[in-house]
**Student:** 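My structure is below; once you've seen it, I'll send some questions.
Each chain gets a letter, A, B and so on, in the order its sequence line appears, and its residues count up from 1. All heavy atoms count here, side chains included; hydrogens, waters and symmetry mates do not.
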Amino acid sequence: MKAYLQTILKNALDKISPEPVETDIIIEKPRTPEHGDAATNLAMTLAGVLRMPPRKIAEQLIANLEYDSNKIKDVEIAGPGFINFRYADNWIFDQLGEVIKLGSEYGKTTGNAGKKMQVEFVSANPTGPLTVGHGRNAVLGDTIARLLEWTGAEVDREYYFNNAGRQMRVLGESVRARYLQLLGEEAELPEGGYEGAYIADIAETLLEKHGDSLRDSKPEDTVFKQAAEEAIFADIRNTLDRMNIRMNQFFNENSLYEDKSIEKVVSRLREKGLVYDKDGAVWFKTTEFGKEKDTVLIKSTGEPTYRLPDIAYHISKLDRGYDLCIDIFGADHIATYPDVVSALKALGYDTSRIDVQVYQFVTIVKDGQPFKMSTRKANFVTLDELMNEVGSDVTRFFFLMRTPGTHLEFDIAEAKEAGEKNPVFYLQYAHARIHSIMQKAAEEYDMKTAPDLSLLTHESEIALMKQVFQFPDAITLASEHREPHRLITYMNEISGHFHKFYHDCRIMGEDAPIARARIGLLQATQTTLANGLRILGISAPEHM
RNA sequence: GCGCCCGUAGCUCAACCGGAUAGAGCAACUGCCUUCUAAGCAGUAGGUUUCAGGUUCGAGUCCUGACGGGCGUACCA
């Protein structure tokens with residue numbers, strides 16, 4: 001419908017304008033029902049270009065507007081120059097029939113059909129369990145991937161990690177210390193070691209597996225680190241699994257060293273004259289790209305900084321042929337990606353294929369106080385703990401319901417108490433209620449007969465139908481902005497319209513034709529709710 | 001110091017490239033279950049969108065400055 005309105009408006013515009021006008025035609029759903037079902041501000045945006053008052057332009061547009069009366073019932077000028085449209089009844093009923101027919105496919109669009117995309121997210125190094133601090137990243141990345149899938153794209157979910165750095169070395173040494181302690185030896189955690197109880201657990205399984213044969217091990221022996229990495233990754237995968245997140249690939253930073261891509265990046269940049277040696281280190285001329293200082297790529301110790309593998313990693317992504325690569329980054333990475341983009345651009349890559357989404361940090365509030373988390377010091381609330389308390393639906397919903405760009409306050413106590421008050425239940429309850437009615441109705445009415453949907457004339461029925469039709473637009477909007485909360489806003493609205501309808505209109509006890517028509521509307525609504533919840537990765541329960 | 005992000009009801013947050021009367025939930029108050037799930041519905045109250053200017057037909061949204069908060073600004077990741 002949106003596209004249809006844009007087309008007929010464009011045609012009308014071509015007729016009244018002496019010269020072709022290039023402009024985006026914006027169709028919005030007005031806030032208040034009195035302003036119709038759809039509206040455009042086209043006449044107002046054109047006032048400057050055409051040098052005419054907006055209302056005058058609107059009049060001419062309408063005079064030249066050719067539309068199908070089976071789709072549009074009414075067009076009017078309102079306010080300072082808005083053009084408001086009202087949908088024809090026939091169109092509404094036809095659409096509802098379509099929704100019922102499409103079922104679990106309803107809402108899928110083709111905007112990104114044929115495109116291969118990748119979302120990289122979580123990407124926490126395996127030094128400890130996933131905490132609520134990782135939660136926002138994990139849920140945003142997965143849901144954005146789902147949204148893109150619904151717009152037709154083929155999407156890979158990738159987890160990037162590094163198991164070779166100093167962090168991991170300290171992790172291994174921490175496990176070794178705990179292992180020796182279990183053997184009764186005097187052993188201390190290394191400087192900055194990991195204090196969490198999970199380290200001792202890993203040491204214990206090593207003891208069961210190897211007995212005391214590792215007593216004479218050296219700190220640099222990798223058996224401890226490997227055991228830790230395996231155990232922690234198993235834990236992380238399990239946590240992600242509980243949240244309905246399944247990665248397609250875990251990408252090890254180390255492979256970029258093994259296949260020499262790191263070296264190649266440096267030599268390629270050097271060829272371009274963007275790299276030089278100074279004080280034993282290798283520098284990247286970021287001043288060429290407007291930065292105040294150049295940046296070190298390889299330290300004088302010979303160890304690269306994280307930027308270098310980051311560049312090589314993004315080259316790998318682009319070389320793998322993705323049309324679009326989305327990075328989900330916390331605000332702490334905000335300063336790093338411009339260097340990556342600069343390097344890629346300098347090497348001739350099309351950086352429009354890279355899309356960095358930065359979300360703001362979550363402030364954890366515990367016992368009424370801001371709570372600073374540290375994996376090393378084992379000051380954290382894990383996602384598993386949170387899910388044990390409130391389940392994965394509430395966990396996902398909580399991280400999705402707010403704009404990624406604003407700070408989010410996460411009060412542990414509040415989340416745990418959420419229980420019946422949680423807004424996710426508002427959506428799920430609507431779904432469960434419909435299921436319950438449908439079951440009862442199936443006993444009473446013949447569900448096989450085709451419903452006469454034109455019997456749906458109640459104010460609440462009309463409002464609900466129109467809300468159902470907004471679903472594909474809501475998905476498109478959320479996926480284009482990479483903002484899942486926009487879909488949640490929509491889901492809240494449709495749930496509200498359903499609950500109102502439920503209150504105003506009955507099924508059971510009504511005459512068969514009207515009951516049958518309402519069941520059709522319920523079916524479409526339930527489909528929409530179920531599909532929306534599926535995109536959000538939240539269950540659509542049949543009973544509550 | 002400099003850069004990026006944020007500031008909306010008592011609290012947590014919406015507001016679709018700048019559009020019509022800034023909306024929800026929680027908390028408070030008032031009604032609605034002998035009838036399909038009251039985890040619901042209807043209503044009342046709550047706002048100088050942090051502040052001061054500017055841009056224009058129109059600003060919560062864009063620009064400048066101030067104030068407040070977060071994050072960067074490493075040969076840490």
Side-chain angles (χ1 to χ4, degrees), chain A residues 24 26-32 34-35 39-41 44-45 47-48 53-54 78-82 84 124-125 127 162 165-167 278-283 291-293 295-307 309-310 330-336 338 358-361 363 401-403 405-411 414 418-430 432-441 444 460 473-474 476-478 480-481 483 485-486 488-490 492-493 495-496 498-510 515 518 522 543-544:
Chain A
D24 283 340
I26 298 167
I27 307 291
E28 285 189 332
K29 183 184 188 265
R31 257 203 284 267
T32 57
E34 295 88 66
H35 294 139
T40 182
N41 61 354
M44 273 130 61
T45 58
F82 289 100
N84 297 337
N125 287 339
T127 58
N162 166 22
R166 203 193 60 217
Q167 279 179 39
K278 194 181 96 185
D279 303 333
V282 177
W283 296 73
K291 282 194 66 166
E292 279 181 28
K293 283 162 59 179
T295 309
V296 171
L297 286 183
I298 302 177
K299 302 184 235 171
S300 51
T301 59
E303 247 179 321
T305 64
Y306 63 94
R307 267 166 233 257
D310 264 9
D332 56 339
H333 282 72
I334 205 155
T336 90
V358 176
Y359 64 91
Q360 292 300 310
F361 268 159
T363 308
M401 61 193 281
R402 276 82 168 216
T403 316
T406 63
H407 300 286
L408 165 56
E409 195 163 292
F410 191 117
D411 189 319
E414 202 178 276
E420 297 186 357
K421 291 173 202 155
N422 201 286
V424 71
F425 295 131
Y426 188 71
L427 316 184
Q428 295 181 315
Y429 184 53
R433 252 184 165 178
I434 294 175
H435 179 82
S436 170
I437 300 170
M438 300 286 262
Q439 278 201 319
K440 286 210 163 66
E444 201 71 26
S460 302
D473 283 348
T476 304
L477 197 66
E480 277 174 358
H481 288 257
E483 290 180 347
H485 80 279
R486 290 173 190 268
I488 290 201
T489 305
Y490 168 81
N492 273 320
E493 283 169 7
S495 300
F498 161 71
H499 287 304
K500 173 116 171 75
F501 160 81
Y502 175 88
H503 184 262
D504 292 346
C505 305
R506 292 190 56 81
I507 312 284
M508 304 301 291
E510 296 289 331
R518 284 177 179 164
L522 282 186
H543 305 283
M544 285 179 76

**Student:** Measuring only the C1' atom in each nucleotide, how far is rG40(B) from rC36(B)? A whole number of Å is fine.
**Tutor:** 13 Å
**Student:** Can you tabulate the close N/O pairs, meaning under 3.5 Å, that link protein atoms to atoms of nucleotides 41-44 of chain B?
**Tutor:**
residue	atom	partner	partner atom	Å
rC41(B)	OP1	Y426(A)	OH	2.5
rC41(B)	O2'	H503(A)	ND1	3.2

**Student:** Can you build the contact string for nucleotides 68-77 of chain B? Use B for base contact, S for sugar-phosphate-only contact, and - for no protein heavy atom under 4.0 Å.
**Tutor:** -BSSS-SBSB
**Student:** For nucleotides 56-58 of chain B, give me every protein contact, N/O to N/O, under 3.5 Å, one pair per line with atom names.
**Tutor:**
none

**Student:** Is RNA chain B part of any stem, that is, at least 3 consecutive Watson-Crick or G-U pairs with both distances under 3.5 Å, and where?
**Tutor:** B:1-7 with B:67-73, B:10-13 with B:23-26, B:28-32 with B:40-44, B:50-54 with B:62-66
**Student:** Taking the same atom, P, in rA24(B) and in rG43(B), what whole-Å distance lies between them?
**Tutor:**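 Their P atoms lie roughly 10 Å apart.
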**Student:** With E493(A), which residues qualify under side-chain hydrogen bond (donor to acceptor under 3.5 Å, both in side chains), at least two apart?
**Tutor:**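 side-chain hydrogen bond (donor to acceptor under 3.5 Å, both in side chains) list for E493(A), sorted by chain: Q467(A).
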**Student:** Side-chain N or O of H485(A) less than 4.0 angstrom from OP1 or OP2 on rA15(B)?
**Tutor:**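 Looking at the OP1 and OP2 atoms of rA15(B), one of them is under 4.0 Å from a side-chain N or O of H485(A).
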**Student:** Residues in side-chain hydrogen bond (donor to acceptor under 3.5 Å, both in side chains) with T127(A), at least two apart?
**Tutor:** none
**Student:** For a quick test of reading the model: is some side-chain N or O of R31(A) closer than 4.0 Å to OP1 or OP2 of rA20(B)?
**Tutor:** yes
**Student:** Report yes if at least one side-chain N or O of T403(A) is closer than 4.0 Å to OP1 or OP2 of rA14(B); otherwise report no.
**Tutor:**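 Yes.
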**Student:** Need one value for E292(A): base, sugar-phosphate or nothing, where a base atom within 4.0 Å counts as base even if backbone is also close, heavy atoms only.
**Tutor:**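 It contacts sugar-phosphate atoms only.
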**Student:** Take atom C1' in rG23(B) and the same atom in rA14(B), then report the distance between them in whole Å.
**Tutor:** 7 Å
